[in-house]
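So you know, we letter chains A, B, ... as the sequences are listed, proteins then strands, and number each from 1.
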Amino acid sequence: MFLQVESLRKSYGGVEALQGVDLQLEKGELLCLFGPNGAGKSTLLKILATLLAPTSGTVRAAGFDLEEHPEAYRARLGVVSHQSFLYADLTARENLAFYAALYGMDDPDGRADDLLERVDLAHRADAPVSALSRGMQQRLTIARALVNDPDLLLLDEPFTGLDEHAAARLRDQLRLLHDRDRTVVLVTHNLRRGLESATRLGILSRGRLVYLEDRDRVDPAAFEAEYFRLLEVR
Amino acid sequence: MTLVPKPREFPVSAAAAAVLLPVAVGLVFFYAPVERTMGVVQKIFYVHLALALTAFWSFGVSAVAGIGYLVRRDPLWDARSATAVELGVVLTTLVLVTGSLWGRPIWNTWWTWDPRLTTSLILWFIYAACLILRASVDDPTRRATFSAVMAIAGFVDVPIVFLSARLMRSIHPTVIRSDSVGLEPAMIATLVVCLAAVFALWLALFRVRCGLHRQEAALDAVDARLDRAGA
Amino acid sequence: MNALRPVWVVFAKDVRIELRRRESLASMAFFGALVLVILSLAVGGGRRVAPETGAGILWVAVLFASVLGLGRVFAREKEDGCVSALLVSPLSPGALFAAKALVNFALMAAAEVVLVPLFYVLFGRGLAGNPLPLLPVIVLVNGGFSAAGTLLSAVAAGTRRNEVLLPILLYPLLLPVIVLAVRATGGVLAGGGLAAAAEHLSTLAAFCVIYAAAGALLFPFAVREG
């Protein structure tokens with residue numbers, strides 16, 4: 001088992017954002033989590049990213065307990081959130097080289113150039129991030145999250161603000177990760193995009209994981225109907 | 001559902017304060033002798049010193065409770081730290097006022113940069129800033145964490161505050177020297193009772209205010225849950 | 001991996017941004033110069049000042065200017081969520097604290113390169129002695145300010161009133177440093193040389209050490225969300 005989440009709870013000031021989430025993923029799986037606003041999706045992702053401490057429960061990934069070995073856990077982690085995590089005053093290459101150096105890469109500049117190639121931004125390598133279009137920034141954000149070639153990649157609403165072309169590129173990147181046996185947890189509102197990349201589907205509602213199924217055993221139309229039914233029950 | 005225990009109707013500390021405070025005032029006015037050089041004004045000293053020691057104790061409690069919060073992450077420790085800061089600021093305000101009232105006839109000035117007054121004033125600023133910080137953060141977890149950090153950061157400043165304040169020329173009476181105590185037995189007795197009275201009052205206020213903090217937090221939590229259920 | 005390398009990586013990144021934009025340094029030097037001119041006019045314009053008064057004027061200008069740069073160093077990390085990226089990386093919070101404190105130290109030192117000579121231009125007439133013994137005083141005050149300031153700028157950046165709150169939280173803690181710095185500097189400006197400053201240096205150093213330790217311990221709590 002690559003990722004193991006056990007009875008995870010998180011409460012803020014009396015409100016339970018997560019009310020006991022259990023989840024297990026094999027290496028190479030891509031879990032797509034759906035759910036309405038306030039269901040606890042972002043909270044779950046933040047806990048997996050070590051940005052928030054859970055109130056109770058445990059998270060283990062690749063054999064490392066998140067509380068006991070946070071540094072070893074983080075070294076193998078990649079995160080994409082709705083914020084870019086990029087420095088607007090630095091160029092695309094400088095941003096990637098900075099993060100590569102932060103992860104202790106031997107040749108940060110070389111690593112930056114590789115990644116720029118991969119997301120088709122080599123021609124804009126020396127442009128400051130503030131001069132890049134929204135779609136280019138999004139691609140650079142993905143490249144940034146891949147800088148340490150993570151074993152576990154967390155993505156929070158990565159399709160937001162992407163045009164068709166950029167979304168297709170992102171899907172390609174996700175496939176590539178899947179082929180290389182990387183584990184991905186993706187949170188989104190976009191049913192179509194989520195369904196096309198996932199190997200497992202989950203629905204989070206009011207702090208509970210109310211649905212979890214293999215993608216292959218789910219009919220897209222039936223899943224959509226189930227999703228809206230769950231939204232109404234809540 | 002977090003239920004907050006209702007504080008005991010009349011805690012022992014409140015009873016003790018209710019008895020000790022009038023006794024202390026009585027001793028100050030009718031028992032303690034009039035000091036030779038300073039005259040009757042010196043009597044403010046009993047209250048002044050009792051307040052100062054309790055205020056300092058209160059700041060120490062806030063720092064310790066702050067550490068308690070950062071280690072345990074229990075809102076109870078935040079309530080304790082917050083209460084100690086509030087009481088400490090109120091008591092230090094009274095220390096500065098009584099010191100000023102004492103200084104005016106004796107030193108002929110309302111304010112002087114005496115080391116001990118300087119120390120009290122700096123502590124007042126540090127912990128009043130703590131209260132401003134509390135008022136500026138809405139999220140309860142963040143507020144508790146930041147307040148704990150500030151309470152600890154304020155308290156570790158104390159040794160440096162003492163050392164730097166020593167550079168100020170002192171005209172403050174040194175009441176307790178290392179070699180001998182410069183007070184008559186009746187004065188010491190009065191001082192001890194005053195100290196006990198102020199400390200009992202601190203304890204009573206601490207209990208009540210701490211309970212209030214917890215009830216406020218419980219109310220906010222209920223509010224948040226209602227908001228969520230309604231949405 | 002060498003423990004100091006991540007500190008250097010973050011420091012170099014901040015210095016690069018600062019050299020490109022020059023926003024912090026420019027506003028610090030400009031505001032500090034403005035304070036010096038205001039105080040020069042406030043004491044009567046061109047009149048001789050006592051060494052201790054001069055020392056006070058210098059430190060008021062430096063410390064008021066420095067808080068401008070301090071606020072930016074942390075606010076910049078919050079802009080596109082970059083601080084989260086640093087927190088999910090293997091960089092330890094202690095290393096982040098050290099890097100940010102170094103950035104603040106460097107910014108202050110750069111501002112002082114402008115402000116100290118300007119101070120001598122405006123107030124130098126009545127002052128005796130060699131300014132060189134000021135150096136250890138300046139280094140220690142910068143160290144203390146950077147350590148305490150970095151910790152509190154992380155706290156202030158987490159509130160909704162960052163710019164207002166930072167000086168309110170920071171200056172009370174710095175009051176003893178101001179007393180010590182003014183005494184030490186006053187002694188040097190009166191012509192006392194290094195001997196005049198020496199007796200206060202150890203207390204200033206103690207402040208640096210206390211806040212470096214407190215900062216390294218408390219900073220992880222101040223930067224996280226909860």
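Summarising the local packing, CZ of B:Phe125 is surrounded by 12 or fewer heavy atoms from other residues, nucleotides or ligands at distances under 6.0 Å. No more than 12 heavy atoms of other residues, nucleotides or ligands lie within 6.0 Å of CH2 in B:Trp124, so this atom counts as exposed by the packing criterion. Within 6.0 Å of the CZ atom in B:Arg104, the count of heavy atoms belonging to other residues, nucleotides or ligands exceeds 12.
Nearest heavy atom pair, residue B:Phe146 against residue C:Val155, reads CE1-O, 3.4 Å. Of all non-hydrogen atoms in C:Pro172 and B:Asp157, the two that sit nearest each other are O-OD2, 4.2 Å. Looking at every heavy atom in both residues, C:Phe221 comes nearest to B:Thr145 through O-CG2, 3.4 Å. The shortest non-hydrogen separation linking C:Leu169 to B:Met150 is O-CE, 3.5 Å.
Residues B:Leu70 and C:Leu218 form a side-chain contact, since some pair of their non-hydrogen atoms from C-beta on lies under 4.5 Å apart. No side-chain heavy atom of C:Pro176 sits under 4.5 Å from any side-chain heavy atom of B:Leu163.
For C:Leu165, the part sitting under 4.5 Å from any heavy atom of chain B is the side chain, from C-beta outward, and nothing else. Using a 4.5 Å cut-off between heavy atoms, C:Leu152 contacts chain B through its side chain alone, with no backbone atom that close. Of the atoms belonging to C:Leu151, it is side-chain heavy atoms, and not backbone ones, that fall under 4.5 Å from chain B. Contact annotation for C:Ala206: both backbone and side-chain heavy atoms come within less than 4.5 Å of a heavy atom of chain B.
Between chain B and the options C:Thr159, C:Leu204, C:Leu173, heavy-atom pairs under 4.5 Å are most frequent for C:Leu173.
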Step-by-step side-chain contact (heavy atoms from CB on, under 4.5 Å) determination, C:Leu175 to B:Val161: CA-CA 8 Å; C:Leu175 279 170; B:Val161 172; over 6 Å; no

Residue pair C:Arg160, B:Asp138: steps toward the side-chain contact (heavy atoms from CB on, under 4.5 Å) verdict: CA-CA 9 Å; C:Arg160 46 194 159 80; B:Asp138 293 324; 3.2 Å; yes

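A donor-acceptor pair under 3.5 Å is absent between the side-chain atoms of C:Arg161 and the main chain of B:Ser136, judged by distance alone. Looking at C:Tyr211, its side chain does come within 3.5 Å of a backbone N or O of B:Ala153 through a donor-acceptor pair.
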